[in-house]
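Worksheet: the structure to be examined is printed underneath.
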Amino acid sequence: MANTKLDQLDKQILKLISDDARVPFLEVARMCNVSGAAIHQRIQKLTNMGILKGSKFIIDPEKIGYETCAYIGLNLKNPETFDGVVEQLRNIPEVVECHYTTGDYDLFIKIYARNNHHLLDIIHDQLQPLGLARSESIISFHSAIERTLPIADLINESEALEG
């Protein structure tokens, strides 16, 4: 479903709610010059299409005591165990992302830990028993860029194609 057809109203709605997920639908309707019911229908359509995947509050891990962010490349002893390993990773709350990748690793995960000692405990006590051949950890000092896709560019692209 990579080539999902979105019209200008869909793109405008995505831009507005990606800028502020808490913007009231009636405000979005006013800015788009349509009814509140139309916005509700469009949001439901975008959700059903899988374009919108809900909304959530984002918690700053460091502010709640998780000072270490690490990315870990995992190599499995037995790559056929992918699905089982991923299911076990779901049970480790500090694992916040897991990706199947190409290149040097079978899986690539993102972990938040309270500190480096806690990270070592997670690697030793929870990751190693999953059947790892090896792992490589990269500690992030600070996230320089965090953002969602630029919906404004999506709008401008389609206007250029139409014009």
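Note: hydrogens, waters and symmetry copies are ignored here, and every other heavy atom, side chains too, is used. Residues: numbered from 1 along the sequence shown.
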Requested in this report: Please check if the side chain of Ser35 supplies one atom and the backbone of Ala38 the other of a donor-acceptor pair under 3.5 Å.
Outcome: yes
d(Leu16 CG, Glu27 CD) to nearest 0.5 Å is 8.5 Å
In this structure, CG of Leu14 is separated from NZ of Lys11 (nearest 0.5 Å) by 9.5 Å
Exactly one candidate in Leu46, Ile39, Ile43 meets side chain to side chain contact (heavy atoms under 4.5 Å, CB included) with Ile17; the answer is Ile43
Spell out, yes or no, whether Val23 and Ile13 are grouped together once hydrophobic residues are joined by side-chain heavy atoms under 4.5 Å, including indirect joins. yes
In short, Pro93 meets Val96 closest at the heavy-atom pair O-CG1, 4.3 Å
Q. Can you get from Tyr66 to Ile138 by hopping between Ile, Leu, Val, Met, Phe, Trp and Tyr side chains that sit under 4.5 Å apart?
A. no
* Using the six-membered ring wherever Trp is involved, compare the ring planes of Phe108 and Tyr71 and label them parallel, tilted or perpendicular (cut-offs 30° and 60°). => parallel
Nearest heavy-atom approach of Leu132 to Lys77 is O-CE, 3.3 Å
Minimal heavy-atom distance between Leu26 and Gly36, with the atoms involved, is CD2-CA, 3.9 Å
Do Ile139 and Leu119 touch side chain to side chain, with heavy atoms closer than 4.5 Å?
yes
Notebook entry, point to check: So does Ile64 have more than 12 non-hydrogen atoms from other groups sitting under 6.0 Å from CD1?
Noted result: yes
Open item on the list: Surrounding OH of Tyr100 (heavy atoms of other residues, nucleotides or ligands, distance under 6.0 Å), is the total greater than 12?
Closed with: yes
- Item | Asp7 bridged to Arg42 by N-O distance under 4.0 Å | yes
Review point. Given the rule in the side chain to side chain contact (heavy atoms under 4.5 Å, CB included) test, do Val85 and Asp106 qualify, once you have shown the distances and angles that lead to the verdict?
Key: CA-CA 11 Å; Val85 169; Asp106 296 321; over 6 Å; no
**Asked** Are Tyr112 and Leu127 in one and the same hydrophobic cluster, where Ile, Leu, Val, Met, Phe, Trp and Tyr link if side-chain heavy atoms are under 4.5 Å apart?
**Response** no
Q: Verify side chain to side chain contact (heavy atoms under 4.5 Å, CB included) between His99 and Tyr105, making sure each step is shown before the conclusion.
A: CA-CA 10 Å; His99 302 268; Tyr105 310 112; over 6 Å; no
So CG of Asn75 and CG of Asp104: to nearest 0.5 Å the spacing works out to 7.5 Å
Review point. Yes or no on side chain to side chain contact (heavy atoms under 4.5 Å, CB included) for Ile92 and Ile109, after CA distance, side-chain angles and deciding distance?
Key: CA-CA 11 Å; Ile92 302 171; Ile109 62 174; over 6 Å; no
Output for pair (Glu67 CD, His118 NE2), nearest 0.5 Å, gives 12.5 Å
Show the numbers, then the answer: is there a side chain to side chain contact (heavy atoms under 4.5 Å, CB included) between Asp83 and Glu87?
-> CA-CA 6 Å; Asp83 295 336; Glu87 283 309 309; 5.8 Å; no
Residues Phe25 and His40: closest non-hydrogen pair is CD1-CE1, 3.1 Å
Side-chain heavy atoms nearer than 4.5 Å, only ILVMFWY residues, links allowed to pass through others: does that put Ile122 and Val95 together? yes
Rounded to the nearest 0.5 angstrom, the CD1-CG distance for Ile72 and Leu107 is 11.5 Å
Value for NZ (Lys45) from CG (Leu9), rounded to nearest 0.5 Å, stands at 8.0 Å
Minimal heavy-atom distance between His124 and Gln128, with the atoms involved, is O-CB, 3.6 Å
Taken in chain and number order and not counting sequence neighbours, the residues that satisfy side chain to side chain donor-acceptor pair (under 3.5 Å) with Gln44 are Asn48
Here the pair of heavy atoms bringing Lys5 nearest to Met49 is O-CE, 4.3 Å
